[in-house]
Amino acid sequence: MARKSDIPSSYYGEPRNFDPTFRGPVHNRSCTDVVCCVIFVIVILGYIALGTVAWIHGDPRKVVYPTDSHGQFCGQQGTPNANKAILFYFNILQCANPAVLINLQCPTTQLCVSKCPDRFATYLDMQYNYRYNKSYWEYYKQFCKPGFDNPKKPVAQVLRDEDCPSMIVPSRPFLQRCFPDFITRNGTLTVANQTNFKDGVGKTRSVIDLRDAANGITSLLDAKEVGMKIFEDYASSWYWILIGLVITMVVSLLFILLLRFTAGVLLWLIIFGVITAVGYGIWHCYWEFSTLRGKPDADVTISDIGFQTDFRVYLQLSQTWLVFMISLSVIEAIIVIMLIFLRRRVRIAIALLKEGSKAIGYIMSTLFYPIITFFLLAICIAYWAVTAVFLASSGEAVYKVMSTQPNCMYANFTCNPETFSQTNVTKVCPGSQCTFAFYGGESLYHRYIFVLQLCNLLVFLWLVNFTIALGQCTLAGAFASYYWALKKPNDIPACPLFSSFSRAIRYHTGSLAFGSLILAVVQMFRIVLEYLDHKLKGAHNAFARFLLCCLKCCFWCLEHFIKFMNRNAYIMIAIYGKNFCTSAKDAFFLLMRNVVRVAVLDKVTDFLLFLGKLLISGSVGVLAFFFFTRKIPVIQEEVPSLNYYWVPLLTVIFGSYLVAHGFFNVYAMCVDTLFLCFCEDLERNDGSSSRPYYMSPGLHKILRKGEQGAKLCSGS
């Protein structure tokens, strides 16, 4: 196999004969990729039109409110159901699947009620007791169809006409629907302290039948209870969570400023600090494992106890600490091995980071640009979500024939509730009903709702990627202005960030949209593949699963490659102002002529920045842990009372990482831009008085030191 040094340089593109008068990002530009810009604007206008049409036809109440068998909303103000916000099922035993319950397709009458039943009763018992006490009917009739007031009507006719439920069971509302009130007492499942009840025909049934009919509902009820406790924890600790995130922001800002003066020392301290912290974690996990090993209660496996909301339960198991110890050992080994083999490249990466700190120090406004990106992304996400909800809630009420008989030939047929009683369906399929199923329609708009949802998703991905691309191009232009200033900081133009943003919007909207569209299409394919994989999970076709897995892997690699190329293409666009394809080609050849940087230095820099993010978020996380577990004596009384201390703790850790990630992303973009500018500087200039290098003397000394520095950017 030919070595890279044996391959002609023309294979990777010859260094161009640049204009020696070049002095940084080109200012005399023209619009690039105009056709794509026009298409992008048309798509945005079409997206606005799509949202408008969806808002006209959609009705979010169909998502918010449950709907009874007649398609009427429960709890909607200004209707007869205004005070009836809960959906009641006449015969929940016919609902064998919990998904059927939530999707409102249970083959039984569904009625809006003001409250759920709180006792066991049957229609037979009600008729018997009605002779002696009229109150029995007054209570029972609130679960009958509105307007029905004939307690003496024969039971058979009442059940045939679905005027009243054959029985009621003690229930409680969940998701605005009445579900049996299951309670486990001493390991026995009960409803209202009973294990048996009578159904509508007087037959004794076990509450197990109710559980089977509403299988999974108990876990959902537990999830709701956990969710309420989590909400309470957020309500009482949001102030301290916000303080933790502010501390992270201040520390990240100070960290970046300190890198300008103590980059080498600080980064080596980070490296050894992370190694030491992980090493301590390994020792602590081993000590806990040794202490718990052999204890009877600690030998239980994690799989045996299942999911527990109280995480302290897991800390009492020896297996938990063994898993932690192995995981930390693997992380420690990876870090040490990488440092051993990449120790020389770490010095170069530190030099680049130090230069990046100087650039950010002179253009401090770049640190706050992620706020603009976040704001634009929030608008995109909100618009997509609202449009998706309105599209999903578009359509008219569709009614289907619901039958309890499995062989009914009319099952799932579309029907009209007003004329259903005049058809022969009830004769062929006794007990069948014309029940509300979902919202849809037969018009052209309704037939293409799914296609419109896909369009909504594709344009959303396009806009999100465009927003990110705009940020990358803007930052690259600002940092390039710093690099190509011969006398720093005197030659740095005024307001470099605003100037770069203006150039990107005015001249390169089409180029940014072009690159974003390519990435959005690949991401769309990945989403479709994930959807197909979800659908084929139960399939037994091994070849199809293998093929799908290969496709997912290929598209994952393609997406990350395109992201990397787009990032470097946007840097070239910010510097030279050429179209996307030309910039992508120039960036590709420049990277191939500097393949060592692509393979090693870029990842070393990313690794060092990752350690910085890890150190900041980890430090704030440790501080939050000691605070929320009341281990800081000075402020113990200030700690709020919590159900789960891990709720605000994990929020602080995750939020701190995101905040640090936002700051360090600016840093990473700065380093990438400076390195590409450095390689361009070497190809364009020779260090003479007529064509001096624009890089700082310190950076040039390290990057050009010996043959290794020369090889780094010569590709030999």
Side-chain angles (χ1 to χ4, degrees), residues 31-33 36-52 54-55 245 249 252-253 360 363-390 455-479 495-524 527 559 562-563 566-567 569-571 573-574 580 654-655 657-670 672-673:
C31 295
T32 56
D33 296 304
C36 193
C37 179
V38 173
I39 295 175
F40 184 60
V41 172
I42 293 174
V43 168
I44 291 178
L45 294 176
Y47 196 34
I48 295 174
L50 173 62
T52 304
W55 296 339
L245 298 182
M249 185 177 67
S252 299
L253 186 61
I360 293 176
I363 315 175
M364 288 292 293
S365 56
T366 55
L367 288 175
F368 302 97
Y369 185 83
I371 298 175
I372 299 177
T373 301
F374 175 79
F375 177 72
L376 294 176
L377 289 176
I379 293 176
C380 293
I381 294 172
Y383 188 90
W384 165 77
V386 171
T387 303
V389 169
F390 274 86
C455 293
N456 181 33
L457 178 60
L458 178 61
V459 179
F460 164 71
L461 294 174
W462 193 359
L463 290 175
V464 166
N465 288 315
F466 176 83
T467 302
I468 296 173
L470 178 62
Q472 292 175 343
C473 189
T474 299
L475 292 173
F479 294 129
C495 303
L497 183 68
F498 178 77
S499 299
S500 179
F501 180 81
S502 301
R503 288 194 300 268
I505 289 291
R506 181 178 178 182
Y507 298 110
H508 307 303
T509 297
S511 298
L512 300 180
F514 190 12
S516 304
L517 177 61
I518 296 173
L519 184 57
V521 171
V522 174
Q523 291 173 336
M524 191 71 179
I527 293 174
E559 179 185 357
I562 291 177
K563 282 183 177 179
N566 281 4
R567 184 183 180 92
Y570 299 146
I571 295 175
I573 290 173
F580 177 79
F654 183 70
Y657 185 85
L658 290 181
V659 171
H661 181 71
F663 280 98
F664 281 86
N665 258 3
V666 175
Y667 212 109
M669 196 68 203
C670 179
D672 285 349
T673 303

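Being a predicted model, the structure only gives us computed values, none of them experimental. Values reported hereafter were calculated over all heavy atoms of this structure, with side chains retained and with hydrogens, waters and symmetry mates removed.
- Side-chain contact check for Phe501 versus Leu470: some heavy-atom pair is nearer than 4.5 Å.
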- Query: Do Leu475 and Cys670 pass the side chain to side chain contact (heavy atoms under 4.5 Å, CB included) test, and can you show the C-alpha distance, the side-chain angles, and the key distance before you say yes or no?
  - Reply: CA-CA 7 Å; Leu475 292 173; Cys670 179; over 6 Å; no

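- Among all heavy-atom pairs drawn from Thr373 and Thr467, the shortest one is O-CG2, 4.0 Å.
- In terms of heavy atoms, Cys380 sits closest to Val464 at CB-CG2, 4.2 Å.
- Exactly one of Leu517, Leu463, Val459, Leu45 qualifies for a side-chain contact (heavy atoms from CB on, under 4.5 Å) with Phe40. That residue is Leu463.
- Going from atom CZ of Phe479 over to atom CD1 of Ile360 covers 4.5 Å, rounded to the nearest 0.5 Å.
- Counting heavy atoms from C-beta on, the side chains of Tyr383 and Ile48 come closer than 4.5 Å.
- Distance check, rounded to the nearest 0.5 Å: SG of Cys473 to CD1 of Ile468 gives 14.0 Å.
- There is no side-chain donor-acceptor pair under 3.5 Å between Asn566 and Gln472.
- Between the Trp462 side chain and the Ser516 main chain, no donor and acceptor come within less than 3.5 Å of each other.
- Residues Ala478 and Ile363 approach most closely at O-CD1, 3.3 Å, considering heavy atoms.
- In this structure, CZ on Phe514 lies 13.5 Å from SG on Cys37, to the nearest 0.5 angstrom.
- In this structure, the separation between CZ on Phe498 and OG1 on Thr474 is 11.0 Å, given to the nearest 0.5 Å.
- Checking side-chain atoms of Ser500 against main-chain N and O of Leu497 turns up no donor-acceptor pair under 3.5 Å.
- The local environment of CZ in Phe663 is crowded, with over 12 non-hydrogen atoms from other residues, nucleotides or ligands closer than 6.0 Å.
- A 4.5 Å side-chain heavy-atom check between Pro370 and Asn665 finds every atom pair outside the cut-off.
- In terms of heavy-atom proximity, Thr32 sits nearest to Ser511 at OG1-OG, 2.6 Å.
- Annotation: side chain of Gln523 is in contact with side chain of Asn465 (closest heavy-atom distance under 4.5 Å).
- Trp55 is listed as a side-chain neighbour of Val386, based on a closest heavy-atom distance under 4.5 Å.
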- Task: Show your reasoning for whether side chain to side chain contact (heavy atoms under 4.5 Å, CB included) applies to Thr387 and Phe390.
- Result: CA-CA 5 Å; Thr387 303; Phe390 274 86; 5.9 Å; no

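- Taking all atoms of both residues into account, the shortest heavy-atom contact from Met669 to Ala476 is CE-CB, 3.9 Å.
- Using a 4.5 Å heavy-atom cutoff, the side chains of Met249 and Leu253 are not in contact.
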- Task: Before giving the answer on side chain to side chain contact (heavy atoms under 4.5 Å, CB included), spell out for Phe374 and Tyr369 the whole-Å C-alpha distance, their side-chain angles and the decisive distance to 0.1 Å.
- Result: CA-CA 9 Å; Phe374 175 79; Tyr369 185 83; over 6 Å; no

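- If you take SG on Cys36 and CZ on Phe580, they are separated by 9.5 Å, rounding to the nearest 0.5 Å.
- Put simply, NZ on Lys563 and CG on Leu519 are 6.0 Å apart, with the number rounded to the nearest 0.5 Å.
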